[in-house]
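Here's the structure we're looking at; comments come further down.
Residue numbers start at 1 and run along the sequence shown. Values reported hereafter were calculated over all heavy atoms of this structure, with side chains retained and with hydrogens, waters and symmetry mates removed.
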Amino acid sequence: KNCNISMGSDGNSSAMGIELTDAADNSTVINNTIVGEMGYGIGAISNGPEYSLIEGNYINVSAINSTGGGVSTDGIYLRNSDNNILANNTFISLAGRGIYFYGSSTNTFRNNTGISDSNYGIYLYAGSNANLLINNTGISTSSIGIVVQKYGGALTYHNILINNTGTSNSSYGIWLGSVINTTLTSNTGSSNSGSGIYFSSAANYNYLNSNIATSVSGHGIFFHSCSYNNLTSNIATSVSGSGIYIYSDSDNNIFINDTGMSNSSYGVAFVTYSTYPDSNTLINVSGISNFSYGVYFGRAINQNITNLRAEGRLAGSYGLYLRDSSNNIFRDCVNVSGVAGDVFVNSDTSPGTHNNSFINCSYSSESVNGAGNDITRKWYYRAYVNDSSGNALSGVNVSGYNSSDVLQFSEMTNSSGYTNRTEIIDYVNVGGTKIYYSNYTINSSKGAFTTLSESYNVTANENNLDYNFNFN
C-alpha cells in the first residue's frame with residue numbers, strides 16, 4: 001500500500017514490481033505507483049491469488065530496447081486467478097498488454113484503464129470466464145482496445161461487459177474471439193481503420209444490447225462466421241466501411257432495433273463468397289447509406305426481415321440491393337428508398353436471385369436485372385362475411401383464383417365472420433418483366449347459400465383487411 005517502485009532502463013525485463021502468488025489470497029494492493037522496465041508491473045506467472053483487492057494503482061512499464069523498439073511488458077498479468085476485484089487502476093505498456101488475465105474467472109473489473117501502444121489494452125484469454133467488466137477503458141494505438149478470446153479447448157464464456165470503451169487506431173475497438181454466452185451492454189468500440197466491434201469465427205450465443213460501434217474505414221460491427229447471437233438496439237456507423245457487416249456462414253442470428261449507417265458503403269450488409277449467411281431474423285432494423293446501399297444482400301438466403309428501413313439518401317444510392325440472394329422474406333417495410341432506385345437486383349444469374357418476397361412493402365421503383373432473376377410482390381387480404389341481417393357468418397369458404405385460374409388461397413371464416421389474414425400475390429418481376437396475377441376471382445361459399453364471386457384487383461387495392469361478402 002502507498003509504495004513507489006521504480007526500475008530504470010537497465011532493469012530486468014523478467015522482474016515484477018509486485019508479485020502475487022497463489023499463497024497471496026485475500027491480499028490488498030492499494031495506491032501503489034510502479035514505473036520502469038520490468039516484465040510485469042503486477043504479476044502472477046503460474047497461479048495467482050483469489051479474493052484479493054487491487055485498487056487505485058498506477059502502473060507504467062513502458063520500456064524501449066536498445067534498438068528503440070518496445071519491450072513486451074504487461075501492466076498486470078494474472079494467471080489462474082479468480083474472484084478478485086480490480087478497481088480504479090491505470091496500467092500502461094508500450095509493447096505488452098495493459099491488463100492481461102489468463103484462465104482467470106469470476107473477477108470484477110471496474111473503472112480501470114489499460115493502455116498499450118502495439119498490443120492489447122485489456123485482454124481476457126483462454127478460459128477466463130464469468131468475469132464482470134464495468135466502466136473500463138482499453139486503448140491501443142496499433143492493436144486492439146479490448147479482447148475477450150478463446151484459446152484451443154479452453155472455452156471462454158459468460159463474461160459480462162457493461163459501459164466499457166475499447167479504442168484502437170488501426171485495429172478493432174472491441175474483439176470477441178470464438179466466445180460464447182458473453183453479454184455486451186452499453187459499450188463503445190471505436191477504431192480508425194479496423195472495426196468498432198468485431199466477432200470472429202464461432203463467437204456464438206452472445207448478447208449485444210445498446211452498444212455503439214464506430215469506425216472511419218472499417219466496419220462498425222463485423223460478424224465473421226458467428227451464429228445464434230442476439231443483437232438489440234445497437235448503433236453501428238462507419239465513414240467508408242459498412243455500419244453492420246455480417247459475413248460468411250453467420251446463421252440464425254436475431255437483430256432487433258439495430259441501426260447500421262455508412263457514408264460511402266453499406267448501412268447493413270450480409271455478404272459471403274462461399275458459405276451463405278442463412279436464416280437470420282431482422283426486426284425493426286435500419287440500414288442507411290449516403291452514397292451506397294442502405295441494405296445489401298450479397299449471397300444471403302432464408303433471411304426473415306420485418307419492419308425494415310433501407311435508405312439511400314444521396315446521389316447514386318439505393319435502398320435495398322440483392323445479389324445472388326434467394327428465399328428471403330421482406331415483410332411490413334417501414335421505408336425502402338434510394339435516390340438512384342429503391343430496390344435493385346443485380347444481373348448475376350449464377351446462382352442468381354430467386355424467390356424473394358416483399359409483403360406489405362411500399363416503394364416507388366424496382367429494377368430486376370439478369371434473365372431468370374425474380375422478386376415477388378404481395379399484399380395482405382382478409383374477407384368478412386355476413387348474412388342479410390348483418391350477422392357474422394362462420395364456416396364460409398373464401399377462395400381466390402388468379403387470372404390464370406390457379407388457386408392462390410382458401411380460407412374459412414371464424415365466429416367473427418373474418419377469415420385469417422392471408423397473403424395475395426400482386427405480381428412477379430422476372431428479369432424486369434412484371435407478371436401480374438390480377439384480376440382475381442374470389443369466391444365465397446357456404447351450404448345452401450348461393451356462391452358469391454367477385455373480381456378483385458390486387459394492384460389497385462394493395463392491402464385489404466375488410467373485403468366484404470354479403471349473403472342475402
Side-chain angles (χ1 to χ4, degrees), residues 190-196 212-222 234-247 255 257-273 277 282 284-300 303 305-325 328 330-349 352-353 356 358 360-371 373-377 427 429-434:
S190 62
S191 176
N192 283 331
S193 57
S195 296
I212 296 174
T214 63
S215 179
V216 176
S217 59
H219 307 305
I221 294 176
F222 182 11
N234 301 283
I235 298 174
T237 63
S238 178
V239 176
S240 58
S242 296
I244 299 174
Y245 192 82
I246 310 302
Y247 182 73
F255 301 83
N257 298 325
D258 298 301
T259 299
M261 296 182 287
S262 176
N263 182 57
S264 58
S265 189
Y266 318 135
V268 175
F270 287 77
V271 180
T272 189
Y273 299 101
L282 286 71
N284 296 325
V285 168
S286 296
I288 300 167
S289 178
N290 283 334
F291 294 102
S292 186
Y293 315 125
V295 174
Y296 176 87
F297 277 21
R299 296 186 174 229
Q303 316 296 326
I305 307 99
T306 303
N307 297 337
L308 177 69
R309 183 183 295 274
E311 298 179 9
R313 292 184 169 175
L314 298 177
S317 66
Y318 290 87
L320 174 64
Y321 191 99
L322 302 175
R323 178 175 183 173
D324 294 324
S325 297
N328 301 295
F330 300 86
R331 186 185 300 275
D332 303 335
C333 301
V334 174
N335 182 26
V336 177
S337 63
V339 175
D342 298 338
V343 175
F344 187 91
V345 176
N346 184 274
S347 61
D348 285 357
T349 58
T353 296
N356 296 287
F358 292 80
N360 184 32
C361 288
S362 296
Y363 53 80
S364 299
S365 67
E366 65 185 34
S367 177
V368 179
N369 304 279
N373 288 335
D374 67 88
I375 63 173
T376 300
R377 199 88 178 264
Y427 61 81
N429 189 332
V430 181
T433 300
K434 293 180 180 179

So how far is it from [X] [atom1] to [Y] [atom2], rounded to the nearest 0.5 Å?
X: N369; Y: T349; atom1: CG; atom2: OG1; value: 11.5 Å
X: S325; Y: R299; atom1: OG; atom2: CZ; value: 9.0 Å
X: I221; Y: T237; atom1: CD1; atom2: OG1; value: 9.5 Å
X: N284; Y: D258; atom1: CG; atom2: CG; value: 10.0 Å
X: L308; Y: S286; atom1: CG; atom2: OG; value: 7.5 Å
X: N373; Y: R323; atom1: CG; atom2: CZ; value: 11.0 Å

Is it the case that the side chain of [X] and the backbone of [Y] share a donor-acceptor pair, with hydrogens and angles ignored and the cut-off at 3.5 Å?
X: S195; Y: G218; answer: no
X: D342; Y: S364; answer: yes
X: D324; Y: G352; answer: yes
X: S262; Y: G267; answer: no

Verdict with supporting geometry, K434 and R377, side chain to side chain contact (heavy atoms under 4.5 Å, CB included): CA-CA 10 Å; K434 293 180 180 179; R377 199 88 178 264; 5.7 Å; no
Single hit among L320, L322, V271 for side-chain contact (heavy atoms from CB on, under 4.5 Å) with Y296: V271
Partner of S240 by side-chain contact (heavy atoms from CB on, under 4.5 Å), out of S265, S193, S264, S292: S264
Check whether any side-chain heavy atom of [X] lies under 4.5 Å from a side-chain heavy atom of [Y], and answer yes or no.
X: S317; Y: N290; value: no
X: V336; Y: V343; value: yes
X: S238; Y: H219; value: no

Write down the atom of [X], the atom of [Y], and the distance for their closest heavy-atom approach.
X: V295; Y: R309; result: CG2-O, 4.3 Å
X: N328; Y: A300; result: ND2-O, 3.1 Å
X: T433; Y: N429; result: N-OD1, 3.2 Å
X: R313; Y: V339; result: O-CG2, 3.5 Å

Ring-ring centroid check F344 Y293, cutoff 6.0 Å: no
Close aromatic pair by centroid cut-off 6.0 Å: F297 and F330: yes
V345 vs E366, side chain to side chain contact (heavy atoms under 4.5 Å, CB included): CA-CA, chis, key distance, verdict: CA-CA 8 Å; V345 176; E366 65 185 34; over 6 Å; no
Mutual orientation of the aromatic rings belonging to Y247 and Y245 [parallel < 30°, tilted 30-60°, perpendicular > 60°]: parallel
